**Q** 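Quick one: the structure is below, questions incoming.
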Amino acid sequence: MTDHYAVIGNPIAHSKSPQIHAMFAKQTGQDISYEAILAPLDGFAATVERLRKEGYKGCNVTVPFKLEAFHFASALSNRAIDAEAVNTLIFRDGKIIGDNTDGAGLVRDIQQSFGIALNNKRVLLVGAGGAAHGVLHPLLDVTSKLVIYNRSPEKAVSMAQSVRQHEKFRLVSVKASEFGELEGQQFDVIINATSAGLTNSEIPLPPTIFAPGALAYDMMYGRETSFMAFARANGAAVVSDGLGMLVMQAAETFFLWRGVRPETAPVIAALRAQQ
Ligand code: ATR
């Protein structure tokens, strides 16, 4: 019998998730369906309830509903609690379990696709909004030195402070830097978690920020952002969009739902070939 899943968002037409999960299902022989559902902005909860009644086994949640899903879930994973956002719901035993696979997706892509272990790297996280919060703890789990930089500095400061309350990160160096403090510093991995790419605006960064061999990673996908162009022009050795992260977070969700880990590299390659 086919198990049904979906992704809920607004807008949703552009979503690659149905294609990704269809490729995972084919590859692993899992009998599932996966569709994209546009929920009205005030209709997220009603949409989830409808899916549950119809016997769906779970769903993904994307913009702008990740925070609402966090509050709506009846149980939360530690990853969801840390991120204060939910991108995966599992309908099981009458419960709605909320998890978040975004951070795991980012870390896996950097580690597996680019072969960067992250543990002894200088990492710069640019941005302090929802997307940055979502990946902060998964990054800190594998990094020993992280700097957070945000256009509005007070948000980066409060993010860095929040980390210090966690015993498990007591050996990790986390600092918020303002633009002036970034000058003269170099980083091995620079992650753009801002939404600046949506408006094609420049993020002010010192051009000397990229260490030899640096990876510049934009969590957005589907277009060359100004951050990516800036990184190419200023010596980043590798520049990537977030397509791999998208596929890796989907694989992590697929594993939660189906207990099987799909191969991600052929799926990333297939999507890249369409770009
Ligand atoms: P998201 O969920 O995509 O993270 P968000 O919570 O609204 O969206 O956060 C947007 C992030 O992108 C913030 O860090 C924001 O910086 P501010 O806190 O200063 O607003 C950042 N951002 C958006 N546009 C930007 C731009 N043109 N330059 C630099 N940072 C930008």
Side-chain angles (χ1 to χ4, degrees), residues 7-12 14-17 39 41 44 60-72 79-88 98-107 109 123-140 146-163 174-183 187 189-207 209-210 216-231 233-234 240-243 245-246 249:
V7 57
I8 304 174
N10 187 336
I12 199 65
H14 67 284
S15 174
K16 292 188 191 296
S17 294
L41 291 177
F44 172 73
N60 278 130
V61 181
T62 189
V63 177
F65 299 124
K66 289 184 184 184
L67 182 61
E68 199 172 339
F70 173 75
H71 292 297
F72 186 72
R79 297 190 295 196
I81 293 168
D82 289 343
E84 292 177 27
V86 158
N87 80 333
T88 302
D99 202 338
N100 194 314
T101 62
D102 286 331
L106 172 70
V107 168
D109 195 34
V123 180
L124 176 66
L125 180 63
V126 184
H133 271 98
V135 299
L136 180 64
H137 284 218
L139 274 175
L140 293 174
L146 183 96
V147 171
I148 307 168
Y149 164 67
N150 193 48
R151 177 176 63 180
S152 315
E154 67 284 355
K155 285 199 218 163
V157 169
S158 101
M159 246 172 108
Q161 274 168 353
S162 77
V163 171
V174 185
K175 284 192 190 125
S177 276
E178 295 200 22
F179 185 87
E181 295 164 304
L182 282 184
E183 277 172 318
F187 295 88
V189 177
I190 299 98
I191 300 163
N192 180 22
T194 75
S195 54
L198 289 175
T199 52
N200 224 15
S201 26
E202 305 277 334
I203 304 163
L205 282 171
I209 201 119
F210 303 98
Y217 193 102
D218 201 312
M219 283 168 50
M220 286 204 25
Y221 65 89
R223 78 173 81 147
E224 171 92 359
T225 63
S226 42
F227 167 75
M228 291 165 70
F230 176 82
N234 290 291
S240 179
D241 71 356
L243 185 72
M245 172 180 175
L246 177 78
Q249 66 75 30

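Counting starts at 1 for both ligands and their atoms, in listed order. Owing to the predicted nature of the structure, the values given are computational and were not obtained by experimental measurement.
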**Q** Is any side-chain heavy atom of Pro138 less than 4.5 Å from a side-chain heavy atom of Leu106?
**A**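 No, side chains not in contact.
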**Q** Does some side-chain heavy atom of Leu205 sit less than 4.5 Å from a side-chain heavy atom of Phe227?
**A** yes
**Q** Partners of Ala39 by side-chain contact (heavy atoms from CB on, under 4.5 Å), sequence neighbours excluded?
**A**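 Partners of Ala39 under the side-chain contact (heavy atoms from CB on, under 4.5 Å) test: Ile8, Thr47, Phe65.
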**Q** Which protein residues have a heavy atom under 4.0 Å from ligand 1?
**A** Gly127, Ala128, Gly129, Gly130, Ala131, Asn150, Arg151, Ser152, Lys155, Thr194, Ser195, Ala196, Ser201, Glu202
**Q** Any heavy-atom pair between the side chains of Met159 and Asn150 that's under 4.5 Å?
**A** no
**Q** Would you say the side-chain atoms of Asp241 pair up with the backbone N or O of Asp218, donor to acceptor, closer than 3.5 Å?
**A**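 Absent.
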**Q** Are the side chains of Leu136 and Leu146 in touch, meaning some heavy atoms are under 4.5 Å apart?
**A** yes
